[in-house]
Amino acid sequence: MNRLKSYEVFKPGLFPEYTYVSRMSSEVMFSYEFRLEQALKTPGYLTSIIGPSKTGKTVLCEKVIGIDNIVSITGSDFKKSTDFWNIVAIKVGLAIEGEYSKVNTLKESINDENIQIKSSASREKYVSNKDLVIDYFKGNNLVLVLDDFHYASEELQFDIAYQLKDAIRKEFKAIVISLPHRADDAIRKNADLSGRLNLINIEPWKMEELKEIAVVGFKELGIEIEDLVAERIAVESLTSPQLMQSICLNLSLLSNIDQANKLDTTLIERSYKATTVNLPYKDVINKLQAGPSTRGQKRKKYKINSGDELDVYGIVLEAIALDPPLISITIDELKDRVDELIENSNDKLDKNKLKTTLEAIQDIMTNSAAIYQVFEWKDDQIYIVEPLFLFYIRWGVK
Ligand SMILES: Nc1ncnc2c1ncn2[C@@H]1O[C@H](COP(=O)(O)OP(=O)(O)OP(=O)(O)O)[C@@H](O)[C@H]1O
Ligand SMILES: [Mg+2]
């Protein structure tokens with residue numbers, strides 16, 4: 001039997017056949033797989049999966065349903081005024097649109113009286129096409145997965161919810177996936193759907209669960225990894241299984257383990273750096289570090305212990321990047337970190353200055369594209385929204 005290669009085992013961004021980790025949802029102490037299976041075996045219910053980005057929502061569906069039985073459609077596939085069932089039908093190769101236009105062209109060649117009849121015939125078809133899709137899904141044991149539901153407009157979200165409400169009564173299986181707080185109104189707070197919902201909240205990954213990816217993966221490869229090493233990588237991955245997969249893969253590649261059969265742990269930090277190479281955060285850092293316009297005035301610079309001179313915006317980002325990596329940082333923790341950074345004790349920054357700086361950064365993020373929304377400043381705390389960003393400011397080229 002051929003030995004597995006590291007790129008077959010560690011799969012950032014794809015279904016991880018050999019490093020799949022099953023997790024418990026701590027709210028209810030059942031595994032996520034069980035909960036999804038339970039949901040799918042409760043006909044008449046719609047399933048709503050909500051969780052932060054890259055926490056394994058799609059992978060969970062693939063695990064439980066099987067890739068071949070998923071019909072996946074994303075929120076952005078739905079354009080305004082396009083019929084929901086039509087889009088689903090096209091996706092599975094039921095050519096409904098063609099039949100429509102045939103009916104419509106016929107219309108023109110007949111007299112006024114018949115137009116009435118024909119257009120109602122087309123409406124009839126409309127209804128039965130929905131049934132056709134539902135039958136096709138049931139017959140082939142398919143599940144509709146509506147991914148990135150938050151990308152659909154609010155109006156459309158309500159329309160889709162309405163369509164699904166009717167379909168699930170006919171035992172059509174559907175899952176709606178979305179980021180936290182973005183689809184609550186149309187699905188979870190929709191009175192029409194109350195009592196007919198399976199709610200699955202995917203929680204952030206814990207360190208032990210992340211560690212498991214390295215332990216299982218290197219075992220598959222027949223390579224020993226010390227517990228402490230797996231733990232170090234897990235701490236660095238913060239809450240992201242994808243980051244964990246990426247670092248393990250890069251460490252394997254740098255160690256050349258597919259030939260050498262041995263992990264070179266002196267290369268861990270280099271593998272972090274290699275993992276940042278393709279992350280898209282350079283512009284984000286530049287923009288946040290620049291802060292709001294000063295209309296030509298120069299900001300005060302502070303000398304930090306590395307010898308560099310940074311203004312308050314640079315200092316705040318530098319402080320966020322310090323050890324240990326934390327998913328949330330209170331203002332007191334941040335103040336301690338800033339004090340640690342600034343050499344001259346007469347030059348310390350006070351908490352109010354740090355707060356106004358963070359408010360200004362929050363303003364910049366709020367008024368920029370989605371990629372810039374990497375953390376949130378609220379209730380005197382920094383909450384890291386994008387673990388990859390924190391990883392980048394720790395290890396990337398700034
Ligand atoms: N259960 C798991 N075990 C091991 N690795 C996992 C698991 N779940 C996810 N991953 C890793 O994380 C990556 C991202 O997972 P996935 O695409 O499912 O996240 P998502 O929540 O659907 O993200 P998005 O919000 O972008 O749609 C996977 O490609 C895989 O590398
Ligand atoms: Mg996904």
Side-chain angles (χ1 to χ4, degrees), residues 4-26 30-37 47-67 70-77 143-152 174-183 200-221 225 230 233-234 236-253 271 275 278-280 370-371 373-374 384-389 391:
L4 287 167
K5 297 268 189 279
S6 46
Y7 61 83
E8 294 169 306
V9 169
F10 297 115
K11 289 255 169 120
L14 278 180
F15 184 80
E17 193 185 338
Y18 299 101
T19 45
Y20 184 90
V21 173
S22 170
R23 303 195 299 143
M24 287 291 214
S25 77
S26 65
F30 286 102
S31 72
Y32 286 111
E33 294 80 21
F34 172 80
R35 294 195 57 199
L36 184 53
E37 198 162 337
T47 303
S48 156
I49 300 181
I50 288 189
S53 76
K54 303 284 176 292
T55 45
K57 302 183 291 297
T58 302
V59 161
L60 173 68
C61 290
E62 289 173 349
K63 176 78 177 174
V64 173
I65 303 163
I67 288 177
I70 292 179
V71 176
S72 175
I73 294 193
T74 91
S76 49
D77 283 344
V143 179
L144 181 69
V145 174
L146 281 160
D147 221 333
D148 292 335
F149 187 63
H150 49 272
Y151 283 136
I175 299 174
V176 176
I177 298 183
S178 123
L179 292 176
H181 316 303
R182 303 278 186 84
I200 301 179
N201 296 325
I202 308 279
E203 294 151 41
W205 282 59
K206 300 192 183 72
M207 210 190 61
E208 283 302 312
E209 297 164 338
L210 292 168
K211 208 173 120 185
E212 185 86 2
I213 292 175
V215 171
V216 170
F218 285 109
K219 195 166 171 201
E220 282 288 344
L221 291 167
I225 177 167
I233 304 174
E236 213 49 70
S237 302
L238 227 55
T239 54
S240 168
Q242 184 163 6
L243 196 47
M244 191 74 197
Q245 297 268 2
S246 250
I247 298 171
C248 288
L249 176 62
N250 282 316
L251 180 58
S252 305
L253 297 178
S271 71
T275 305
N278 297 308
L279 296 178
I371 179 97
Q373 268 126 62
V374 288
I384 303 290
V385 176
E386 192 44 86
L388 289 172
F389 169 76
F391 183 74

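Order of listing sets the numbers, starting from 1, for every ligand and every atom in it. If you're wondering where the values come from, they're calculated on a predicted model, not measured in any experiment.
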Around [atom], find the nearest protein heavy atom and jot down its residue, atom name and distance.
| atom | answer |
| --- | --- |
| atom 28 (C) of ligand 1 | Leu14 O, 3.6 Å |
| atom 1 (N) of ligand 1 | Val21 O, 2.9 Å |
| atom 25 (O) of ligand 1 | Lys57 NZ, 2.8 Å |
| atom 18 (O) of ligand 1 | Val59 N, 2.8 Å |
| atom 31 (O) of ligand 1 | Lys11 O, 2.6 Å |
| atom 17 (O) of ligand 1 | Thr58 CB, 4.1 Å |
| atom 26 (O) of ligand 1 | Lys54 NZ, 2.5 Å |
| atom 11 (C) of ligand 1 | Pro241 CB, 3.8 Å |

Flag Ile213 as yes when one of its N or O atoms lies below 3.5 Å from any N or O atom of ligand 1, and as no otherwise. no

Checking the N or O distance criterion of under 3.5 Å, is ligand 1 in contact with Thr55? yes

If the cut-off is 2.8 Å, does any N/O/S atom of Ser53 fall short of it from the Mg ion (ligand 2)? no

Taking CZ in Phe15 as the centre, count heavy atoms belonging to other residues, nucleotides or ligands within less than 6.0 Å. Is the count above 12? yes

Stepwise side chain to side chain donor-acceptor pair (under 3.5 Å) test for Thr275 and Asn250: CA-CA 7 Å; Thr275 305; Asn250 282 316; 3.0 Å; yes

Contacting atoms of ligand 1, where contact means under 4.0 angstrom from a heavy atom of Thr19: 3 (N), 4 (C)

Contacting atoms of ligand 1, where contact means under 4.0 angstrom from a heavy atom of Pro16: 4 (C), 5 (N), 6 (C)

Can you check whether Asp148 reaches Ser178 side chain to side chain, under 4.5 Å on heavy atoms? no

Are Cys61 and Ile49 side-chain neighbours, meaning at least one heavy-atom pair lies under 4.5 Å? yes

Can you tell which of Glu62, Gln245, Arg23, Gln242 gets a heavy atom nearest to atom 14 (C) of ligand 1? Gln242

As a check for students: among Ser53, Pro52, Ser178, Gly56, identify the option with a heavy atom nearest to atom 19 (O) of ligand 1. Gly56

Does ligand 1 have an atom under 4.0 Å from some heavy atom of Trp205? yes

Going by heavy atoms, is Gly51 under 4.0 Å from ligand 1? no

Once you round to the nearest 0.5 Å, how far does OH of Tyr18 lie from CG of Leu221? 10.5 Å

